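All remarks here apply to the structure that follows.
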Amino acid sequence: MRTTLEARVVIVGAGPVGLTLAGELGLRGVDVVVLESRDEPSTESRASTLHARTMELLALRGLLDEFGELPHEPLGHFGGIPLDLNLPSPYAGQWKVPQTRTTAILRTWAVDLGAVVLDGHSLVNVTTTPSGIEARVDSRHGSRNLHASYLVGCDGETSTTARLMNTEFAGRSSDRLLHRVDVTGIDIRNRKFERLPSGLAIAARREDVTRVMVHEFGSNPADGRSDSTFDDIARIWKRVTGEDIRSAKPQWVNSFGNASQQATQYRAGRFFLAGDAAHRQMPVGGQALNLGMQDAFNLGWKLAMAMCGTGDEDLLDSYHDERHAVGARVLAGIEAQASLLLGGPEIEPLRSIFTALLETESVQMQLAATISGLDIDYRRERSSGQSTLCGSRVHPDVVASDPRAADDLRRGCGAVIDSRPDCSPRRWQIVRPDGYEECAGTGSSPHSTFEEWHQFTQFDREPQRLETS
Ligand SMILES: Cc1cc2nc3c(=O)[nH]c(=O)nc-3n(C[C@H](O)[C@H](O)[C@H](O)COP(=O)(O)OP(=O)(O)OC[C@H]3O[C@@H](n4cnc5c(N)ncnc54)[C@H](O)[C@@H]3O)c2cc1C
């Protein structure tokens, strides 16, 4: 059976990144179909950390209430060296939430805003047409064609979209593995990044489940991948720590490498990549998840404006310019952390120097800002310098000071923040829908700019109809 479906944007992958993007587009009335290979949402306990900037963005959209009270950790680490994440943000630090919960909340949000999520549907091929793209989608019911204007691959580290786009990845493959197993039924002491003579050992107990992670120094699997079993990991744990955990009951076994690869282009015409589909990195401290969700916050409003006819090619290109540069910086930081974490005794001199440097406030603040995503300034990130957008982060307190602007941003629109007429000097700021500054000034309000910007970002126009062949 072959039937034809239609949407304005197709998102491949209902992981946290695809669902964030679906919600962002749904907010602006763009009709979206999300394809998801799995029949049901994943139950794997992957990333468990939301960082400050992601929390700020979720707050901007009024989504934080859905998460309820979250466990908070003010301290993070850089390559296992303790790092204070206390920065000027209402959400400084790490917020602990299982990825399954984040994904479930985002899915409800996106679906409530009109996104159609097709579970059990896989993208298998895609072609361009004069008016857009045509995707071939397989499910157990057969094959379907899906016409759309744009397709965004949020399909994770083994992205089919990236393969179909012939995307080149720059970087290096994995040559070291960190093994992980979640177990029940044992009582071992917690270990926080413990460096022992022959390896690195981590153990953290939450309720009944202990997460055990281990790396044996100098073990370099040829292909950087592993299909290690619980028995293999228990043997490595014994060699590194001397402890016997073989009596434990494994819940989830998983090993990951230190690969660091980034798509050289996040956009090719009507195709985009976001999240792990665009960058593959070692999952240290939840940075991959946060980086990916912020890709989606950056792309959503730009794509919606393109659909409404107010966004142009430069605006769409600015997604690559801005997010590729941020990704490159974050990946470099993760690589540095992987070396500090997984390096053997030869890395100790570097670790001592790093530990000393981290006592300097400016170094600590800089690394904390990068990990938290608070150092993003799109004026700096854009490599080409051709884009006209501004881009420093607008502090949440500034947004909160203007209820009308806060409401505009919650609805996914751009906003104008104008200080009270009695403030001296009077200051105005135009804020992009993703909470970064478009432009700012002092003096009396430039009404024409405000009007233009409001018209540009309010999404009160019908998105352009897709012509189908
Ligand atoms: C095994 C594993 C363990 C991890 N552990 C941690 C951790 O401990 N800490 C941490 O910070 N980060 C961890 N990560 C990283 C973190 O989970 C990812 O950064 C995050 O999930 C990225 O989100 P995403 O939406 O880009 O991709 P994903 O979450 O991978 O979602 C992609 C989705 O696309 C779907 N899909 C794939 N191909 C197709 C197709 N052809 N058609 C339709 N759908 C498709 C997949 O089924 C999947 O649901 C881990 C990742 C993995 C894979």
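None of the values given here were measured: they were computed from a predicted structure. Remember, it's 1-based here, ligands and their atoms both numbered in the order they're listed.
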Would you check if the side chain of Gln262 reaches a backbone N or O of Gly171 as a donor-acceptor pair within less than 3.5 Å? no
Around [atom], find the nearest protein heavy atom and jot down its residue, atom name and distance.
atom                    : value
atom 12 (N) of ligand 1 : Pro283 CB, 3.2 Å
atom 11 (O) of ligand 1 : Gly286 CA, 2.8 Å
atom 48 (C) of ligand 1 : Glu36 OE1, 3.5 Å
atom 27 (O) of ligand 1 : Gly156 CA, 3.7 Å
atom 42 (N) of ligand 1 : Leu123 N, 3.0 Å
atom 25 (O) of ligand 1 : Val17 N, 3.1 Å
atom 34 (O) of ligand 1 : Gly13 CA, 3.2 Å
atom 7 (C) of ligand 1  : Arg180 NH1, 3.5 Å

Does the side chain of [X] reach to within under 4.5 Å of the side chain of [Y], using non-hydrogen atoms?
X      : Y      : result
Leu291 : Gln287 : no
Gln99  : Ser48  : no
Phe217 : Ile347 : no

Quick one about Trp301 and Glu24 (side-chain donor to acceptor, distance below 3.5 Å, no hydrogens or angles considered), yes or no? no
Would you say Thr229 and Asp232 are linked by a side-chain donor-acceptor pair, where the criterion is simply a distance under 3.5 Å? yes
If hydrogens are left out, which of [options] has an atom nearest to [atom], that is, the closest non-hydrogen atom?
atom                    : options                       : answer
atom 31 (O) of ligand 1 : Ala296, Ala47, Gly15, Ser48   : Gly15
atom 44 (N) of ligand 1 : Ser37, Ala274, Ser139         : Ser37
atom 50 (C) of ligand 1 : Met293, Arg38, Arg46          : Arg46
atom 23 (O) of ligand 1 : Gly275, Gly120, Gly292, Pro16 : Pro16

N/O to N/O below 3.5 Å, does that happen between [X] and ligand 1?
X      : value
Ser122 : no
Asp276 : yes
Gln287 : no

Which segment of [X] sits under 4.0 Å of ligand 1 when only heavy atoms are counted:
X      : answer
His121 : backbone
Val12  : side chain
Asp155 : both

Could you check whether Arg393 makes a cation-pi contact with Tyr436, meaning its NZ or CZ is under 6.0 Å from the centre of the six-membered ring and within 45° of the ring axis? no
Acceptor/donor pairs from residues 69-87 side chains to any protein atom, 3.5 angstrom cut, sequence neighbours excluded:
unit_1: His72; atom_1: NE2; unit_2: Ala92; atom_2: O; d: 2.7
unit_1: His77; atom_1: ND1; unit_2: Gly80; atom_2: N; d: 2.9
unit_1: Asp84; atom_1: OD1; unit_2: Asn86; atom_2: N; d: 2.9

Hey, what do you get for [atom1] ([X]) to [atom2] ([Y]), rounding to the nearest 0.5 Å?
X      : Y      : atom1 : atom2 : answer
Arg53  : Leu57  : CZ    : CG    : 4.5 Å
Phe297 : Arg323 : CZ    : CZ    : 11.0 Å
Leu341 : Leu178 : CG    : CG    : 7.5 Å

Would you mind running through ligand 1 and noting each atom that sits below 4.0 Å from a heavy atom of [X]?
X      : answer
Thr160 : 41 (N)
Glu157 : 53 (C)
Leu289 : 19 (O)
Cys154 : 32 (C), 33 (C), 34 (O)
Leu35  : 43 (C), 44 (N)
Asn254 : 1 (C), 3 (C)
Gln99  : 16 (C), 17 (O), 20 (C), 21 (O), 29 (O)

Apply side-chain hydrogen bond (donor to acceptor under 3.5 Å, both in side chains) to Asp208 and Thr184, showing your working. CA-CA 6 Å; Asp208 292 346; Thr184 54; over 6 Å; no
What one should report as the nearest heavy-atom pair of Ser37 and Ser122 is OG-OG, 2.9 Å
Thr103 versus Ala14, closest heavy-atom pair with distance: CG2-O, 3.8 Å
Between His179 and the options Val253, Val214, Val212, the side chain to side chain contact (heavy atoms under 4.5 Å, CB included) test singles out Val214
